[in-house]
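The structure appears below as structure tokens.
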Amino acid sequence: MSQIKNNYVVVNQFSRPGLKRSVTKGIIVHYTANPGASAANHASFFDGKDGGGSRYASAHLFVDAKEALCIVPLNELTYQANDVQKYVKGKAYRGAAAELGQNANWTTVGVEMCLEKNGSISTETFNRTVDVVVELCKKYGLNQHDLYRHYDVTAKNCPAPFVARPSDWTRFKNEVARKLKGDTTSDKFYTYTPNRVVTLREIGLYEDVTLKKTIKRYPEGTRLTITGIEYDGKTPRLKTAKGYITANKKNVKGYHTSIGTIKVLVNDLNYYDTARWTNPNGQVNKGEVFTVVKKVGNMYLLKSGLYITASSKYVKFTAH
Ligand SMILES: [Zn+2]
């Protein structure tokens, strides 16, 4: 069954110029850099004569934790990946020109991942985007090697979480590859190495991948560092410094390490998609709370990959 619901915006010069595309050589993955705005919010934003603020910008699909909306027909062009972010020898940087041509808007489908209120890409959104991309790969005869981050094409910091943590992008492509092969192992088990997990019930620590000889038991709520993944036949197991544990998602849940949270103290506080104070991506308001991954100069890098001031005048930091 298709994950994708069509919810087309009207033809307009900015978000849906109505230009027909004839060839699809790749899929470009983006994020909205717009915490708390859903797929439906974006569908209505880009609709209308001004196409969302009279800016030449859009994408075909918007995915959130609930649904995947196609707002521009796939055989039409969207303004998603021909921006100029840097120059090389006086020419606009085009990272995948050999594969996609000088203007990737003509040859690709653009998929935007929406952000939760706290600025993160939820597991549901990640998984649904994998499913949407699998569907598009099947439609166009593509595979995991035909996937690009917006960053790979024009050097834009997008999707910021996949630029900040390239391992998440690798994991995304691996999940697509597995699903294209019809392997559903990843629905039930971790098939990549989550850096840290918390146990969801009592589990055992075992001597080897067969999980036969118990070393000890961990109670529910134990936090463990994972060092790798190994297989017992086709079944993945997680490795720790002391032994092996289950990779079943019913038993353990992965989480990203973070140093704490911030609470915003003022209204209209800018956030940025790079650790520089230019071109803010948007504003957050008093009382909003975000997870902090690390401090970079005088800014905090948030779990979403976005940056915000670290000044105690504007945000209150609480360490874990
Ligand atoms: Zn983008």
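Start at 1 and go down the list; that is how both ligands and their atoms are numbered.
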- Message: I need the single residue from Glu135, Arg128, Glu67 that forms a side chain to side chain donor-acceptor pair (under 3.5 Å) with Gln3. Which is it?
- Response: Arg128
- Does one side chain, of Ser186 or Asp183, offer a donor that lies under 3.5 Å from an acceptor on the other? no
Could you pull out all donor-acceptor pairs under 3.5 Å where a side-chain atom in residues 85-96 meets a protein atom, sequence neighbours excluded?
residue: Gln85; atom: NE2; partner: Asp83; partner atom: OD2; Å: 2.7
residue: Arg94; atom: NE; partner: Asn82; partner atom: OD1; Å: 3.3
residue: Arg94; atom: NE; partner: Gln102; partner atom: O; Å: 3.1
residue: Arg94; atom: NH1; partner: Asp83; partner atom: O; Å: 3.1
residue: Arg94; atom: NH2; partner: Asn82; partner atom: O; Å: 3.1
residue: Arg94; atom: NH2; partner: Asn82; partner atom: OD1; Å: 3.1
residue: Arg94; atom: NH2; partner: Asp83; partner atom: O; Å: 3.4

- Task: Would you please say whether a donor-acceptor pair under 3.5 Å links the side chains of Arg237 and Tyr244?
- Result: no
- Chi angles and distances behind the salt bridge (Lys or Arg N to Asp or Glu O under 4.0 Å) call for Arg178, Glu175: CA-CA 5 Å; Arg178 275 195 199 89; Glu175 292 291 310; 3.4 Å; yes
- So what's near the Zn ion (ligand 1), protein N, O or S atoms under 2.8 Å? His30 ND1, His150 ND1, Cys158 SG
- Message: Testing the 3.5 Å rule here: is there a donor-acceptor pair between the side chains of Ser44 and Asp47?
- Response: no
